2 protein chains.
Amino acid sequence: MNQLVALTEAERDALAELEKRERHHRRGAVIQRANEPGNDLFILRAGMMMSYVLLDNGSRQILRFHFPGDMVGMPGILYSEAPETLCVLSDCVICPFDRSALAELIEIHPRLAALILVVSQIERVALTDRLAMLGRVSAKSRVGALLLELRDRMRATDKSVTDSFTLGLTQEEIGDATGLTSVHVNRMLRQLEEEGLIERDNGRVTIRNDAALARAANYVNRYEGLDLGWLPDAR
Amino acid sequence: MNQLVALTEAERDALAELEKRERHHRRGAVIQRANEPGNDLFILRAGMMMSYVLLDNGSRQILRFHFPGDMVGMPGILYSEAPETLCVLSDCVICPFDRSALAELIEIHPRLAALILVVSQIERVALTDRLAMLGRVSAKSRVGALLLELRDRMRATDKSVTDSFTLGLTQEEIGDATGLTSVHVNRMLRQLEEEGLIERDNGRVTIRNDAALARAANYVNRYEGLDLGWLPDAR
DNA sequence: CGCCAGATTGAGGTCAGTCAACTACAGTGG
DNA sequence: CCACTGTAGTTGACTGACCTCAATCTGGCG
């Protein structure tokens, strides 16, 4: 959130307080399971996570990928049973805190409360973008848009990422995020490569034609173009 | 929000303040257009609205239906250009207010700030449910789940709605919400009817087998099962 | 070396889309 | 009162994007 707005010292301290404890997890670890109580929130400090749901028909839908700086687990604190599963994709450091700490933060720091609301709305817009993709966009464009989104979100925390990055996902995971089968993801990646839009080398992807990919998939980076002049004053 | 928690007098007054002005609109009216500035928020007091996006390929994805009591237009105030279009489905009354009024509310009433965050997270979960539907569920179940969702949301404001209600949507709109064509929506409605799960009569739908529909589509009413004991104290 | 998860490729099937015709009905104007 | 118009719903024939199943290939690792 310090990328969105210049924080005051008191605000920085309050956020640091949430990250007092930290835990380390390996790829595959399940942090929170759907349909079980989930009263904790987490700040993801390093690594990559995802949230997903399993349906009765046996399939999985990945809802969202999480990157360093994200607050994860919010949907879980509303309900007596968490609506989604939280799972570690690459070895990561997470800082758990109780939901009462969130309540306290909102009470003491109205501008941070507003910023949390803003972040949750950015996430909402990113989710509706994905909704439109799944409903109305071809398989090839969906895969392309996912690559762009991952690239942009990695770049947000690691400036060294330009157009080339390590996916860190299996093709099955890409499929579960885009509503496709791993077999079809494979074919779409191949086609994108044949058309010169991307290059691949052993799990590493290079975006070759950013503009064409973005156009085909209606992709917009939702962490840009923000207008936050209306936020309440810091305390 | 007064359905989620018993509000104090000061809180009720603050919310009433947002509804000071009111406007009336007819079906079809566009309240906010995507890619144009949208600095206002709205409380929907009566009627039904929807938000959607239009893609380059000419198709439309309906993102969300809005019902009385909803705060609409939040995604628009974050960005210099609104990410989605807001449109009236049935003649409605909306109360516009400036985003600075939201900032003020957050500053003065921390518990209302938390409640707004809660409502936006409920919406997030409803969106991820729909994401899973579009990605992983058959056409027939998607249509069934949409009917259940509309029924539950109408019932939330109008207790007289039990299992029978007037849709107020064209089959094309149902298709744009579920990622289908109107032709296929028609066939799926027919099938649901033939299987005895629903009945139809001139735009009026009766749910005949609630449980079977919910099971097939993994439908959960996200306005139930909440746990809000952790909210900050009212001021 | 053998094992295993993940990636790749082919053949064939199916669900949902496209195109097109037709019906039903409300609104409009003469 | 009725012809005309436009929107929404219905139905059939055909097509195609994506899925399923199955075989093969690859690289990492004990």
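Keep in mind it's a predicted model, so treat the numbers as computed, not measured. Here is the naming used below: chain letters follow the sequence lines, and residue numbers restart at 1 for every chain.
- Taking only side-chain nitrogens and oxygens, B:Arg187 never comes nearer than 4.0 Å to OP1 or OP2 of D:dA13.
- Between A:Val137 and B:Arg27, the one whose closest nucleotide on DNA chain D sits nearer the 5' end is B:Arg27.
- A:Arg60 meets the side chain to side chain contact (heavy atoms under 4.5 Å, CB included) test with A:Met50, A:Tyr52, A:Leu54, A:Ile62, A:Glu173, A:Asp176; sequence neighbours excluded.
- For A:Ser51, the side chain to side chain donor-acceptor pair (under 3.5 Å) criterion is met by A:His66, A:Glu84, not counting sequence neighbours.
- In the 5' to 3' direction, nucleotides of DNA chain C lying under 4.0 Å from heavy atoms of chain B begin and end at C:dA16 to C:dC19.
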Show me the donor-acceptor pairs within less than 3.5 Å that the side chains of residues 69-78 of chain A make with the rest of the protein, sequence neighbours left out.
unit_1: A:Asp70; atom_1: OD1; unit_2: A:Arg153; atom_2: NH2; d: 3.3
unit_1: A:Asp70; atom_1: OD2; unit_2: A:Phe67; atom_2: N; d: 3.0
unit_1: A:Asp70; atom_1: OD2; unit_2: A:Arg153; atom_2: NH2; d: 2.8

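- Scored by the side chain to side chain donor-acceptor pair (under 3.5 Å) test, B:Arg204 finds B:Ser164, B:Thr166 as partners (sequence neighbours excluded).
- Scanning for side chain to side chain contact (heavy atoms under 4.5 Å, CB included) contacts around A:Val137 gives A:Ser141, A:Arg142, B:Leu55, with sequence neighbours left out.
- Panel note: side chain B:Tyr79, backbone A:Arg222; a donor-acceptor pair is recorded below 3.5 Å.
- Rounded to whole angstrom, the span from the CE atom of A:Met188 across to the P atom of D:dC18 amounts to 6 Å.
- For the pair B:Ile174 CD1 and D:dT7 P, the interatomic distance rounds to 19 Å; values are reported in whole Å.
- No engagement by A:Ser182 is indicated, since no non-hydrogen atom pair under 4.0 Å with the nucleic acid exists.
- For the side chain to side chain donor-acceptor pair (under 3.5 Å) test, residues two or more places apart in sequence or in another chain that qualify with B:Lys20 are B:Glu17.
- Atom CG of B:Asn186 is separated from atom P of D:dA8 by 14 Å (rounded to the nearest Å).
- Applying the salt bridge (charged side-chain N to carboxylate O under 4.0 Å, His left out) criterion to A:Asp210, with sequence neighbours excluded, gives A:Arg151.
- If you take CD of B:Gln171 and P of D:dG9, they are 4 Å apart, rounded to a whole angstrom.
- Atoms CZ (B:Arg136) and P (D:dC19) sit 7 Å apart, rounded to a whole Å.
- Within residues 48-65 of chain A, no residue has any heavy atom under 4.0 Å from DNA chain C.
- At a threshold of 4.5 Å between non-hydrogen side-chain atoms, the residues B:Glu149 and B:Arg130 count as touching.
- Judged purely by atom type and a 3.5 angstrom limit, B:Arg27 uses its side chain to pair as donor or acceptor with the backbone of B:Leu89.
- If you find the closest nucleotide of DNA chain D to B:Leu189 and to A:Gly179, the one lying nearer the 5' end belongs to B:Leu189.
- Each of D:dT20, D:dA8, D:dC18 was ranked by its minimum atom distance to the side chain of A:Leu180; first place goes to D:dC18.
- A distance-only check finds a donor-acceptor pair linking the side chain of A:Arg155 to the backbone of A:Thr162 [under 3.5 Å].
- How far CG of B:Asn39 is from CD of B:Gln32: 8.5 Å, rounded to the nearest 0.5 Å.
- Around the CZ atom of A:Arg45, the shell of radius 6.0 Å holds more than 12 heavy atoms that belong to other residues, nucleotides or ligands.
- Between its two ends, the helix from C:dC1-D:dG30 to C:dG30-D:dC1 turns its axis by 30°, counting five pairs per end and rounding to 10 degrees.
- Taking atom CG of B:Leu192 as the reference point, atom P of D:dT10 lies 13 Å away to the nearest angstrom.
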Base contacts versus sugar-phosphate-only contacts with protein, heavy atoms under 4.0 Å: please encode nucleotides 22-30 of chain D as B, S and - from 5' to 3'.
---------
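- Atom-to-atom, CD of A:Gln191 to C1' of D:dA17 comes out at 11 Å; the value is rounded to the nearest Å.
- Qualifying side chain to side chain donor-acceptor pair (under 3.5 Å) partners for B:Glu81, counting only residues two or more places apart in sequence or in other chains: none.
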